[in-house]
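Below: one structure, written as structure tokens.
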Amino acid sequence: ASDLIVHTLPEEKRAPKPAWDKLLFGHHCSDHMIKVRWTKADGWDTPTIVPVHNFSMHPYSKVFHYAQELFEGMKAYRGPDKRIRLFRPDMNMKRMRQSAARLCLPDFDGDELIEIMKQLLQIDESWVPPIETNASMYIRPTLMGTEPTLGVQPSNEAMLFVVMGPVGPYFSTSQVKPVSLMANPKYVRAWPGGSGDSKLGSNYAPTLKAQQEALKRGHQQVLWLYGDDHQLTEIGTMNIFLFSKRRDGTLELATPPLTEGLILPGVTRFSLMDLARSYGEFDIVERVIRMQEVEDLIAEGRLLEIFGAGTACVVSPIGEIGFEGKTLTIPPPKLSLRLLKELTDIQYGLKPHPWSVVVG
Ligand SMILES: *Cc1c(COP(=O)(O)O)cnc(C)c1O
């Protein structure tokens with residue numbers, strides 16, 4: 001980070017800002033990006049911040065053929081004091097390095113990349129929306145194999161880049177809409193020994209068809225099941241939580257365990273578990289959850305909530321699940337709205353917290 005080379009655009013060449021109340025996810029890109037090259041022979045080149053530009057790459061580049069690519073999704077938030085904050089960026093860097101190891105792409109120093117991302121945020125700080133908009137800055141670190149040879153082998157060349165742009169609120173606390181899920185065991189997102197626990201581009205292209213079918217059938221998202229016993233694993237690109245009352249009357253917040261490699265280890269997932277634990281009001285457990293249990297809990301009136309959790313929406317309450325011709329109705333959100341408010345208060349710096357890392 002101390003070697004960083006910066007080339008910025010003159011003020012008059014910078015793009016106009018979009019209207020903060022009309023942001024479409026992934027449609028807006030700030031003026032500058034981070035770009036760092038790596039070769040097996042020489043290691044990491046000097047990191048650069050340069051104007052956003054198109055890449056020129058040989059058609060043989062490994063990423064085009066074998067999807068040797070991984071990414072991260074994280075956000076920066078502007079607080080009421082106008083300062084910009086990252087949320088637990090060390091967790092994203094840790095996961096990104098694990099994804100790199102899974103794809104035989106080079107390791108790097110996560111703290112150094114955080115420093116360079118802070119610089120990028122300061123250079124493009126006018127792209128970070130003000131707090132009143134409920135919007136934020138979505139940051140997309142990416143690493144890919146660029147060696148221009150066709151063999152199925154680890155790439156001897158790589159490029160790490162970071163682009164970012166403002167995104168609107170998924171929904172504000174006052175108007176959260178529970179979503180409808182399609183649970184179809186015909187589609188499987190991840191399996192033991194696979195790569196579903198890493199954020200690899202190759203995990204997502206095969207999910208598009210299932211998502212398309214969910215939309216066609218009048219649902220908004222896919223509930224990913226695994227195994228003959230129909231284990232609930234994830235919701236779209238979110239982790240899943242189930243809140244219920246046990247037979248003895250105590251309450252339990254459950255989410256599937258990370259042990260089998262079926263679950264992406266979400267930063268939001270860890271954070272919600274820690275927040276919920278701090279309440280001391282109910283148990284937080286990592287365990288397998290099956291469709292039969294969901295049906296039994298509904299029949300016995302003990303299901304309280306199901307919700308998804310991820311950086312984009314923080315929490316997304318579930319309203320119903322279409323499964324084997326039935327429609328399972330999930331009770332309205334309460335705990336998830338409380339968690340949404342408390343986590344976003346930390347992210348925007350409304351509540352001081354060590355998870356929130358001030359930029360500059
Ligand atoms: C990114 C992602 C999540 C959520 O992770 P966060 O770090 O909380 O944003 C969950 N599941 C999948 C499949 C993902 O790709």
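Throughout, residue positions are numbered sequentially from 1 according to the sequence presented. Each ligand, and each atom within it, is numbered from 1 in the order the structure gives.
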Exercise. Indicate yes or no: at least one non-hydrogen side-chain atom of Glu281 is less than 4.5 angstrom from one of Leu251.
Key: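 Not touching, per the 4.5 Å side-chain cut-off.
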Practice problem: Establish, from distance only, whether the side-chain atoms of Tyr226 and Glu260 form a donor-acceptor pair under 3.5 Å. | Solution: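 There is no such pair between these side chains.
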Give the atoms of ligand 1, by number and element, whose distance to some non-hydrogen atom of [X] is under 4.0 Å.
{"X": "Thr311", "value": "6 (P), 7 (O), 8 (O), 9 (O)"}
{"X": "Gly266", "value": "5 (O), 6 (P), 7 (O), 8 (O)"}
{"X": "Arg189", "value": "13 (C)"}
{"X": "Glu234", "value": "10 (C), 11 (N), 12 (C), 13 (C)"}

Quiz item: So does Asp248 have more than 12 non-hydrogen atoms from other groups sitting under 6.0 Å from CG?
Solution: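 Yes, because the 6.0 Å sphere around CG of Asp248 holds more than 12 heavy atoms from other groups.
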Give yes if a backbone or side-chain nitrogen or oxygen of [X] is under 3.5 Å from a nitrogen or oxygen of ligand 1, and no if not.
{"X": "Val267", "value": "yes"}
{"X": "Lys199", "value": "yes"}
{"X": "Tyr204", "value": "yes"}

Quiz item: With a cut-off of under 6.0 Å to the ring centre and 45° to the axis, is Arg338 in cation-pi contact with Tyr279?
Solution: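 Cation-pi check for Arg338 and Tyr279: passes.
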Exercise. Pick one of side chain, backbone, both or neither for how Met238 approaches ligand 1, counting any non-hydrogen atom pair under 4.0 Å.
Key: backbone
Quiz prompt | Top protein contact for atom 8 (O) of ligand 1, by heavy-atom distance | solution =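 Of the protein heavy atoms, Thr268 OG1, 2.6 Å lies nearest.
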Quiz item: Among protein heavy atoms, which lies nearest atom 3 (C) of ligand 1, and at what distance?
Solution: Thr237 O, 3.2 Å
Quiz item: Any non-hydrogen atom of Arg95 lying under 4.0 Å from ligand 1?
Solution: yes
Practice problem: Answer with yes or no whether Met91 contacts ligand 1, where contact means a heavy atom under 4.0 Å from a ligand atom. | Solution: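 Met91: no contact with ligand 1 (<4.0 Å).
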Exercise. Start with the C-alpha distance between Glu295 and Lys326, add both sets of side-chain angles, then the distance that settles salt bridge (Lys or Arg N to Asp or Glu O under 4.0 Å), and finish with yes or no.
Key: CA-CA 10 Å; Glu295 295 192 65; Lys326 296 163 280 195; 2.9 Å; yes
Quiz prompt | Glu252: which of Lys245, Arg287, Arg247, Arg302 passes salt bridge (charged side-chain N to carboxylate O under 4.0 Å, His left out) | solution =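 Exactly one option meets the salt bridge (charged side-chain N to carboxylate O under 4.0 Å, His left out) with Glu252, and it is Arg287.
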Practice problem: Could you state whether Val6 and Val36 fall into the same hydrophobic cluster, counting links through intermediate Ile, Leu, Val, Met, Phe, Trp or Tyr residues with side-chain heavy atoms under 4.5 angstrom apart? | Solution: yes
Quiz item: Are Phe87 and Tyr77 close enough that their ring centers fall under 6.0 Å?
Solution: no
